[in-house]
Amino acid sequence: MASMSITERPKRGVPEGLWVRCPSCKATVFKKDVEANLNVCPECDHHFYTSARDRIRQLLDDASFEEWDTDLAPVDALGFVDRIPYAQRIAEEQAKTGMTDAAVTGKGFIRGRPVVLGITDFAFMAGSMGSVVGEKLTRAVERATAQRLPVIFVSGSGGGARMQEGILSLMQMAKVSAALARHDSAGGLYVCVLTNPTMGGVAASWALQGDITLAEPKAMIGFAGARTIANTIRLELPDGFQTSEFLLAHGFVDRIVHRRDLRTEVARLIDYCDMK
Ligand SMILES: [Zn+2]
């Protein structure tokens with residue numbers, strides 16, 4: 001590594017996309033090195049965005065994932081138009097991400113332990129929860145309850161509830177929560193992993209309802225944005241109050257786990273809770 005000065009600024013003529021600038025330590029690092037390091041900065045451990053597909057590879061045993069409900073796709077039930085019509089936005093997001101909506105759910109194995117896994121991906125409309133995300137997560141929980149499997153959800157939802165689906169997106173908060181409550185009553189385990197960012201209606205429902213709440217380092221986690229809160233309550237807010245570290249210190253997060261340790265940590269928790 002020392003011979004290759006990866007912190008050097010890219011030279012002119014270097015193809016774009018080969019290098020990435022770390023927003024935390026400002027180093028310019030070779031993108032391949034970041035990718036080989038689970039999308040974590042090799043210089044300072046900053047956790048970059050990771051897609052749902054990559055997370056499945058990082059968390060589950062090789063080729064063990066069986067995806068569920070791939071046929072569920074969003075519709076523009078309200079005829080909603082913001083900057084562009086919602087129907088057009090859906091089509092663009094689908095083309096951009098190759099996903100039908102922001103959640104991927106299914107069954108797989110973590111170090112040999114069967115689990116139900118659900119992941120929301122920031123790349124698709126900021127990971128916001130509309131009807132499809134809510135329905136997929138709800139079905140995943142219900143199947144986990146029926147099959148007596150642990151639920152592992154990973155939130156990459158910075159968008160909260162999806163405003164383009166109005167009340168239909170808000171009711172997903174109650175729907176997923178009700179399924180998780182039934183899972184809990186049946187003695188099921190639910191571990192939630194909070195990643196950067198987890199905000200709004202997702203933080204206000206399933207993301208903070210885990211029996212155990214893990215978070216990646218320095219993830220932004222909260223309900224409303226800092227400026228909105230400051231304007232509402234007219235008080236000065238503590239520095240970094242919407243971070244994993246602050247929430248750990250104040251009891252909202254149980255443990256901060258480096259991405260490279262997540263698989264082992266979740267497997268250990270499953271064993272500890274005897275939910276094999
Ligand atoms: Zn860095």
Side-chain angles (χ1 to χ4, degrees), residues 1-60 96-97 99 102 104 119-128 152-160 191-200 202-203 207 213-222 225-227 237-250 252-266 268:
M1 289 298 263
S3 63
M4 212 182 80
S5 53
I6 55 172
T7 54
E8 223 174 65
R9 298 293 302 269
K11 296 185 171 66
R12 256 174 229 271
V14 172
E16 207 150 313
L18 265 180
W19 302 85
V20 43
R21 189 165 164 82
C22 173
S24 182
C25 70
K26 313 294 179 201
T28 304
V29 285
F30 202 36
K31 201 173 173 191
K32 278 213 173 111
D33 287 346
V34 175
E35 284 167 1
N37 197 35
L38 306 173
N39 279 335
V40 173
C41 175
E43 300 284 320
C44 76
D45 269 352
H46 171 74
H47 283 47
F48 285 94
Y49 159 78
T50 284
S51 70
R53 296 291 154 197
D54 281 345
R55 282 207 180 270
I56 289 165
R57 274 192 287 275
Q58 291 170 11
L59 279 173
L60 296 186
K96 183 186 81 182
T97 60
M99 304 175 72
V104 178
I119 302 172
T120 54
D121 192 326
F122 187 78
F124 194 105
M125 292 190 73
S128 58
I152 315 296
F153 280 172
V154 182
S155 159
S157 289
V191 177
C192 194
V193 182
L194 309 178
T195 79
N196 184 51
T198 295
M199 297 294 289
V202 168
T213 306
L214 307 179
E216 287 193 336
K218 301 197 175 96
M220 184 169 78
I221 302 157
R227 211 177 319 133
L237 297 162
D239 269 350
F241 75 106
Q242 289 179 318
T243 59
S244 306
E245 289 71 19
F246 190 94
L247 295 180
L248 176 73
H250 292 82
F252 272 81
V253 164
D254 295 309
R255 193 168 287 175
I256 295 174
V257 185
H258 192 288
R259 196 172 284 164
R260 81 169 100 78
D261 301 325
L262 264 182
R263 185 194 280 209
T264 302
E265 186 69 19
V266 172
R268 189 184 295 153

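Residue numbers count from 1 along this sequence. Just follow the structure's listing: the first ligand is 1, and inside any ligand the first atom is 1.
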>> Distance alone, cut at 3.5 Å: any donor-acceptor contact between the side chains of Tyr49 and Asp54?
In response: no

> Can you check whether Asp261's main-chain N or O pairs, donor with acceptor, with Thr264's side chain at less than 3.5 Å?
Replying inline: no

> Mind checking whether Phe246 and His250 have parallel, tilted or perpendicular rings, split at 30° and 60°?
Replying inline: parallel

>> Angle between ring planes, Trp19 versus Phe30, binned at 30° and 60°: parallel, tilted or perpendicular?
In response: tilted

> Using a cut-off of 2.8 Å, how many protein N, O or S atoms lie below it in distance from the Zn ion (ligand 1)?
Replying inline: 4

>> Just to verify, which of Val193, Ile152, Val154 counts as forming a side-chain contact (heavy atoms from CB on, under 4.5 Å) with Leu262?
In response: Val193

>> For a quick test of reading the model, state the closest non-hydrogen atom pair linking Lys218 to Ser244 and the distance between them.
In response: N-OG, 3.7 Å

